[in-house]
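Have a look at the structure below before the remarks.
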Amino acid sequence: MIDVLIAGAGPNGLMLACELALAGLRPVVLERRDTLGGEPRANGLVGQVVRLLDRRGLYTRLSGGNTPPAPQPAFTFGAFPLDLTVLADNPHYVLGVPQAQLQATLAARAAELGVELRHGHDVVDLRQRPDAVEVHLADGTQLTARFLVGADGGRSTVRRLVGIDFPGVTDDRSTSRTATVAVPASFLDPATGGLRVPGYGVVPPFQHTRTPRGLIAWAPFPGRPALLTTTEWPDAPTDDETPMDLAELRASVARVLGADVPFGPAEGPGLLRRLTGRNTRIAARYRADRVLLLGDAAHVHPAIGGPGLNLGLQDAVNLGWKLAATVLGWAPPGLLDTYETERRPVAERVVMSTQAQSALTGPGDEITGLRQLFAELLRMPEVTGHIAALMSGADTRYPADPADPLAGRYAPDVVVHGAHGPTRLAELTHAARPLLLDSTGAHAETAAGWRDRVDVVAGPLEGTTATALLVRPDCFVAWSAGDTDTLRAALARHFGPPR
């Protein structure tokens with residue numbers, strides 16, 4: 001019997017497969033397409049997920065460098081520029097890699113870990129038993145697994161087959177157009193990298209710019225074709241029956257800016273995409289017995305601000321260790337259900353953030369007035385810090401002992417000064433195992449009963465005021481230095497009874 005079947009080989013499904021493999025399982029990933037596909041989708045990673053990838057040893061593979069990630073000095077929210085240099089503790093990280101590169105990197109890592117990826121396998125039916133899930137494929141094959149995870153997108157077949165509702169709203173009041181383009185050099189602003197448009201001014205790079213007629217975004221990615229995107233409201237002409245071409249996008253740019261931008265097709269594979277409307281939905285539940293939902297199968301929302309992969313990949317890491325613990329038999333009661341109770345509120349905040357940004361970028365004089373007020377608020381560093389924490393996921397805190405100031409928060413970037421010299425937490429978490437960081441050596445005996453599940457690392461800690469930290473596999477703190485009884489309770493609550 002297969003331990004875990006994962007339907008969908010997108011980034012979220014592949015990340016979950018890697019997490020399960022690190023925990024000692026051998027998941028099987030089913031992908032209905034014959035290849036992973038290389039169509040342009042997300043253009044980068046935004047938020048705490050960048051630090052997460054560093055803590056799995058994947059950041060340097062993706063960035064091509066050998067230095068750890070650093071906070072981003074600027075970003076955008078609702079077509080407002082955010083100056084993050086005013087923050088004493090900037091939580092916002094960005095890694096500009098296309099989704100196809102991320103997917104290929106995760107697929108390679110999954111293969112290194114022994115994950116089996118089966119292409120051309122389309123789930124068409126399933127039946128749950130008390131101890132397993134029977135999965136039927138389009139070619140007549142039947143597979144049996146202890147658990148099935150639907151990571152098969154917003155139109156999830158798995159979600160439909162298991163009967164989980166997908167409530168929410170569909171807003172068809174906007175049309176977005178995106179293409180890879182080549183722009184004449186005379187239209188490029190060498191000082192900012194922006195798009196210099198006679199009759200309008202400079203469209204800054206890598207952020208949405210609002211005009212009374214719509215939105216425009218210019219993204220001149222280094223080493224790959226530039227992207228140009230517009231969003232317009234209902235009075236803009238739209239013909240969803242006719243494939244989009246560059247002339248349609250050029251006309252849209254002219255309407256949004258009130259000025260023309262000449263451009264042609266980019267070299268190499270191109271993108272021409274028109275999207276009408278937005279979907280905002282969260283699954284009624286993330287779990288139905290032995291079937292769970294992940295990523296877009298569990299939640300969809302507007303793409304503004306780029307939160308999708310930050311949300312989905314962290315879902316995968318949260319689910320991975322809990323599902324592995326359940327299969328391996330050491331999970332405490334109710335652990336798997338905390339996947340939904342912990343991650344649903346995060347999805348709800350992402351939905352709130354994207355809806356707020358969509359409202360702030362809308363048409364109308366009343367929105368212009370709202371934006372003038374919002375611009376005043378953004379001059380306050382505390383407001384900028386609040387929004388940066390919201391967009392990065394740095395404000396996520398899981399329920400924990402309110403008397404413990406660090407428990408439930410994402411673990412800080414501590415350095416352990418052990419017997420073999422200083423070691424970053426990011427290096428200690430590559431194996432995705434729970435960690436007890438103990439600067440005094442006083443807690444090793446208490447944790448002895450969990451040594452088959454929890455690694456103890458001794459040595460002075462730099463980067464935190466705590467003398468000890470219990471860190472979950474998803475890099476959230478389960479406990480920070482207290483007495484023996486509270487440590488023992490935290491170990492049992494997260495990692496089951498001692499041996």
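Remember, predicted model here, so these are calculated numbers, not experimental data. What's counted below: heavy atoms across the whole structure, side chains too, no hydrogens, waters or symmetry copies. Position 1 is the first residue of the sequence; numbering continues from there.
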Would you tabulate the side-chain donor-acceptor contacts of residues 488-498 under 3.5 Å, counting partners in other chains and residues two or more places apart, or write 'none'?
unit_1, atom_1, unit_2, atom_2, d
Arg488, NH1, Asp485, OD1, 3.4
His494, ND1, Ala490, O, 3.1

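- When Leu106, Leu294, Val49 are each tested for a side chain to side chain contact (heavy atoms under 4.5 Å, CB included) with Met15, only one passes: Leu106.
- For Arg433 (side chain) and Leu428 (main-chain N/O), no donor-acceptor pair under 3.5 Å exists by modelled atom type.
- At least one side-chain heavy atom of Leu30 sits less than 4.5 Å from a side-chain heavy atom of Leu137.
- For the pair Val133 and Val135, the minimum side-chain heavy-atom distance is below 4.5 Å.
- Both tests hold for Arg224 against Phe221: distance to the six-membered ring centre under 6.0 Å, angle to the ring axis within 45°.
- Ionic pairing of Arg55 and Glu427 is not present here: no N-O contact between side-chain nitrogen and carboxylate oxygen is shorter than 4.0 angstrom.
- With rounding to the nearest 0.5 angstrom, the CG atom of Leu328 is 9.0 Å from the OG1 atom of Thr326.
- For the pair Leu461/Thr467, no side-chain contact is recorded, criterion being any heavy-atom separation below 4.5 Å from C-beta on.
- Closest of all the heavy-atom pairs between Gly57 and Thr60 is O-OG1, 4.3 Å.
- Taken from CG in Leu102 to CZ in Arg61, the straight-line distance is 12.0 Å, to the nearest 0.5 Å.
- Between the Asn12 side chain and the Ala316 main chain, no donor and acceptor come within less than 3.5 Å of each other.
- Ionic pairing of Glu342 and Arg472 is present here: one or more N-O contacts between side-chain nitrogen and carboxylate oxygen are shorter than 4.0 angstrom.
- A side chain to side chain contact (heavy atoms under 4.5 Å, CB included) with Leu311 holds for exactly one of Leu313, Asp315, Leu309; it is Asp315.
- Atom-to-atom distance recorded for Leu52:CG and Asp474:CG is 8.5 Å, nearest 0.5 angstrom.
- Distance check, rounded to the nearest 0.5 Å: CG of Asp171 to CG of Asn279 gives 9.5 Å.
- Among Tyr286, Phe147, Tyr398, the one residue that satisfies the ring pair (Phe, Tyr, Trp, His ring centres under 6.0 Å) test with Tyr339 is Tyr286.
- In this structure, the side chains of His299 and Arg281 stay at 4.5 Å or more apart for every pair of heavy atoms.
- Between Ser176 and Thr231, the side chains place a donor N or O and an acceptor N or O closer than 3.5 Å (distance only, hydrogens not considered).
- Nearest heavy-atom pair, Gln103 versus Leu14, reported as atom, atom and distance to 0.1 Å: O-CD1, 3.6 Å.
- Side-chain N or O atoms of Glu116 include none that pairs as donor or acceptor with a backbone N or O of Val29 at under 3.5 Å.
- Minimum heavy-atom separation, Pro302 to Arg278: CG-CD, 3.6 Å.
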**Request:** Starting from the C-alpha separation in whole Å, work towards a yes-or-no answer on side-chain contact (heavy atoms from CB on, under 4.5 Å) for Leu360 and Ile367.
**Result:** CA-CA 6 Å; Leu360 284 167; Ile367 301 299; 5.6 Å; no
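- A heavy-atom distance below 4.5 Å is found between the side chains of Ile282 and Val351.
- Looking at Arg146 and Asp131, no side-chain N of the basic residue comes within less than 4.0 Å of a carboxylate O on the acidic one, giving no salt bridge.
- Counting only heavy atoms from C-beta outward, the side chains of Pro27 and Leu16 never approach each other to under 4.5 Å.
- Within 6.0 Å of CZ in Arg32 there are 12 or fewer heavy atoms belonging to other residues, nucleotides or ligands.
- Of the possible polar contacts, one joining the Asp438 side chain to the His443 backbone as a donor-acceptor pair under 3.5 Å is found.
- For Ala298 against Leu293, the heavy-atom pair with the smallest separation is CB-CB, 4.0 Å.
- Of the possible donor and acceptor atoms, none in the side chain of Thr144 sits under 3.5 Å from a partner among the backbone N and O of Met1.
- With a 6.0 Å radius and a threshold of 12 heavy atoms from other residues, nucleotides or ligands, Arg173 has its CZ atom at or below the threshold.
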**Request:** Could you give me the CA-CA distance, side-chain angles and deciding distance for Arg26 and Asp3, then say whether salt bridge (Lys or Arg N to Asp or Glu O under 4.0 Å) is met?
**Result:** CA-CA 7 Å; Arg26 286 295 174 264; Asp3 287 331; over 6 Å; no
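- The main-chain N or O of His119 is found under 3.5 Å from a side-chain atom of His121 such that the two form a donor-acceptor pair.
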**Evaluation steps, side-chain contact (heavy atoms from CB on, under 4.5 Å), between Arg287 and Arg285** = CA-CA 6 Å; Arg287 179 186 179 191; Arg285 50 196 171 123; 6.0 Å; no
**Request:** Take Arg51 and Tyr410 through the side-chain contact (heavy atoms from CB on, under 4.5 Å) test and state the conclusion after the steps.
**Result:** CA-CA 10 Å; Arg51 299 171 71 198; Tyr410 202 66; 3.6 Å; yes
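- In this structure, a donor-acceptor pair under 3.5 Å is absent between the side chains of Asn318 and Gln314.
- Using a 4.5 Å cut-off on side-chain heavy atoms (C-beta onward), Arg159 and Phe166 make contact.
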**Item:** Worked check of side-chain contact (heavy atoms from CB on, under 4.5 Å) between Leu470 and Val477
**Value:** CA-CA 6 Å; Leu470 180 62; Val477 175; 5.9 Å; no
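- Across all non-hydrogen atoms, the minimal contact from Ala432 to Glu19 is CB-OE1, 4.0 Å.
- Rounding to the nearest 0.5 angstrom, the gap separating the CG atom in Asn310 from the CD atom in Gln48 is 7.5 Å.
- Side chain of Arg349 to main chain of Leu390: no donor-acceptor pair is present (N/O by atom type, distance under 3.5 Å, no hydrogens or angles).
- Between Ile164 and Ala284, the closest heavy-atom pair is CG2-N, 4.0 Å.
- For Arg424 and Asp413, the salt-bridge test fails: no basic side-chain N is under 4.0 Å from an acidic carboxylate O.
- Using a 4.0 Å cut-off between charged side-chain N and carboxylate O, Glu134 and Arg129 make a salt bridge.
- Residues Leu292 and Leu148 fail the side-chain proximity criterion, which asks for heavy atoms closer than 4.5 Å.
- The only member of Leu272, Thr178, Thr175 that meets side chain to side chain contact (heavy atoms under 4.5 Å, CB included) when paired with Met244 is Leu272.
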Less than 3.5 Å apart, which donor and acceptor atoms pair up between the side chains of residues 71-78 and the rest of the protein, not counting sequence neighbours?
unit_1, atom_1, unit_2, atom_2, d
Thr76, OG1, Phe80, O, 3.1

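- We find the CG-CG distance between Leu469 and Leu436 to be 8.5 Å, quoted to the nearest 0.5 Å.
- Side-chain contact of Gln357 with Ser353: a donor-acceptor pair under 3.5 Å is present, judged by distance alone.
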